[in-house]
Amino acid sequence: MKILICITHVPDTTSKIQFTDNNTKLDKNGVQFIIGPYDDYALARAVELKEQLNATLTVLNVGEAETEPTLRKALAIGADDAIRVNAFPKDSQFVAEQIAAIAKQNNYDLIMMGRESIDFNGGMVHGMVGELLGIPSISPVMKLEIEGDKVKMAREIEGGKEYLEAKLPLVAGCQEPIAEWKIPNMRGIMSARTKPLTVVEPASQNVATEVINFQLPPAKGTVKLVDKDNVAELVRLLKNEAKVL
Amino acid sequence: MSILVYIEQAEGSIKKTSLEAVSFARALADKTNGGEVVAVALGTVSEAELSHVGAAGASKVFHVEDSKLDAGVIQAHAEAVAQVYQKVGSKTLVMAKSSLGDAVAARLAIKLDAALVSNVVELPETDNGYTVKRSIYTGKAFAQTSVTKEHKILAIRKNAVDLKTDGAKASVEKVSLQIPDTNFATKITSTDKATGEILLPEADIVVSGGRGMKGPENWGMIEDLAKELGAATGCSKPVSDIGWRPHHEHVGQTGVKVAPTLYIAVGISGAIQHLAGVNSSKFIVVINKDPEAPFFKAADYGIVGDAFEVLPKLTEAVKAIK
Ligand SMILES: Cc1cc2nc3c(=O)[nH]c(=O)nc-3n(C[C@H](O)[C@H](O)[C@H](O)COP(=O)(O)OP(=O)(O)OC[C@H]3O[C@@H](n4cnc5c(N)ncnc54)[C@H](O)[C@@H]3O)c2cc1C
């Protein structure tokens, strides 16, 4: 059983987002980068599957050299080897094509990733990879069990979930509560240093979109406080001022 | 040149977010070539329900009335929409962001060799090239994105455009398609879904509770207010983690991102990860007993007070204006 886990290298969820170079680049000053939280769920579930099914886990990132510490962290959590496609992840299609190219060479049984990255929130790479490889893609997956070549999943839908069955190979875009995030232990961190990390060049250069510039939302005004003993005033404001009731 | 809209249904009714997508397409057509807006609906839906799509701005609905498409099988829906898109000869597909919509859109982008832009918040600029504004960093920023492909798919966020309700009835044309069986390889075995509830991603008003609500037994107060307002209920992550509320109500960075007209947060501290899921709301009301709670900085209106005292009074006050 071979599992590929695709991870993003994204600003920590507490980061203040700012831009530089005439609003064309993220200001990385003071920003800490992490494995995308959804990708982290996918990785955590993959580590559980590894224990259960004796699977091998390859972790993949499309990114420049700066993302290697993030890949090493995934190795410390439990992946066996890592691949970095040496390119700035220009857009979803670009990233999906790189993943599909690697997958075609290695015949993974299961490809897992987060339901979306937390920088661009596109939520489309898993579906694109599935279509490029001609295999099912399911997202957002909140439960995933493997029995033989059968995969039983729960997928979140508006107002609940649906239960699915499919056969390997497939692509899963994951989210909680598929597994609990795993924190690397000392042994993991030590062994991650010597696990193989292969760097490959991109297989194609196609893109579908290009960011021209970034913008920040307008600053919020100050809050209007209403006394707790005068709740009717809040309703009046919502009705007459905000006009939302 | 017509714009095609993929509309979703739930239990035979067209989703409100899909109707918004139709209105978005209508406004886009008016802004560009003035062409037609046509929609595609899959599975069992009544003809009367489909003709209502006209009010939102579509002139015609292609109805693929195949009961195998009642369930949201991702590959099959993508294949069906791709076939209708090609039949129409459209160059733009518009849809609402949703659990199924996102999954289908991604496969369509490859099938149709189209550029997919998701989280679209307003009509594209088409005077000089084609650029689309989308929400990124979970609502903390926007990216003006240029699209170079001839075929485009726009997945729009709630409230990107006002819903139009004055259009004429749409005509309905039945189409039957040949969808290869391989597209049905994934089987949906059952669904576990709240019925009769207003769904979080569709709601205009959301009442959300945090750990300050102390326990699941106190959610009646949240539900009473929500009922009075016609609102959906939401919660913070720890609340769904502990199992006080189901996961699909979890709002924020790692949960549902909402963009309602009004978001009422009760007993939620306003951690940055929670704010990320709600900062696209038009108005935010915060009820918290701690005047220093960070949520007040992101709020339009607030009450510093104990939720257990304020909530019943608020529900009464809403009743009083009806
Ligand atoms: C990677 C990551 C992702 C995350 N994603 C999310 C996410 O998607 N969504 C999310 O919500 N969180 C998320 N979190 C967690 C987040 O950081 C906070 O821990 C969480 O939002 C806190 O939930 P809370 O406000 O309900 O609880 P608390 O922080 O415990 O706040 C409870 C609040 O209730 C108030 N209160 C207490 N009693 C009363 C009373 N009687 N009346 C009125 N007010 C009262 C308190 O003053 C306090 O402000 C994430 C964290 C991480 C690290």
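Please read all numbers here as calculations on a predicted model, not as lab measurements. Labels below follow one simple rule: chain letters A, B, ... track the order of the sequence lines, proteins then strands, and each chain is numbered from 1.
- Heavy atoms of A:Met142 lying under 4.5 Å from chain B belong exclusively to its side chain.
- The closest donor-acceptor contact from the side chain of A:Asp39 to the backbone of A:Thr8 lies under 3.5 Å.
- Of the atoms belonging to A:Leu234, it is side-chain heavy atoms, and not backbone ones, that fall under 4.5 Å from chain B.
- For A:Lys167, no part sits under 4.5 Å from any heavy atom of chain B, backbone or side chain.
- Looking at A:Lys239, only its side chain comes within 4.5 Å of chain B, counting heavy atoms on both sides.
- Looking at A:Arg155, only its side chain comes within 4.5 Å of chain B, counting heavy atoms on both sides.
- Contact of the A:Ile17 side chain with the A:Phe214 side chain is not registered, since no non-hydrogen atoms from C-beta on lie closer than 4.5 Å.
- Residue A:Leu170 does not touch chain B at all, counting heavy-atom pairs closer than 4.5 Å.
- A:Asn23 places no side-chain N or O within donor-acceptor distance of the main-chain N or O of A:Gln215, the cut-off being under 3.5 Å.
- In this structure the side chain of B:Leu100 never reaches within 4.5 angstrom of the side chain of A:Ile157, judged on heavy atoms.
- Contacts of A:Glu97 with chain B are absent, with no heavy-atom separation under 4.5 Å from either backbone or side chain.
- Contacts of A:Val10 with chain B are absent, with no heavy-atom separation under 4.5 Å from either backbone or side chain.
- Both the backbone and the side chain of A:Pro136 come within contact range of chain B, judged by heavy atoms closer than 4.5 Å.
- The number of heavy atoms from other shown groups lying within 6.0 Å of NZ (B:Lys297) does not exceed 12.
- Taking a 6.0 Å sphere around CD of A:Glu66, one finds it holds more than 12 heavy atoms contributed by other residues, nucleotides or ligands.
- A donor-acceptor distance shorter than 3.5 angstrom exists from the side chain of B:Asn119 to the backbone of A:Asn121, with no hydrogens or angles considered.
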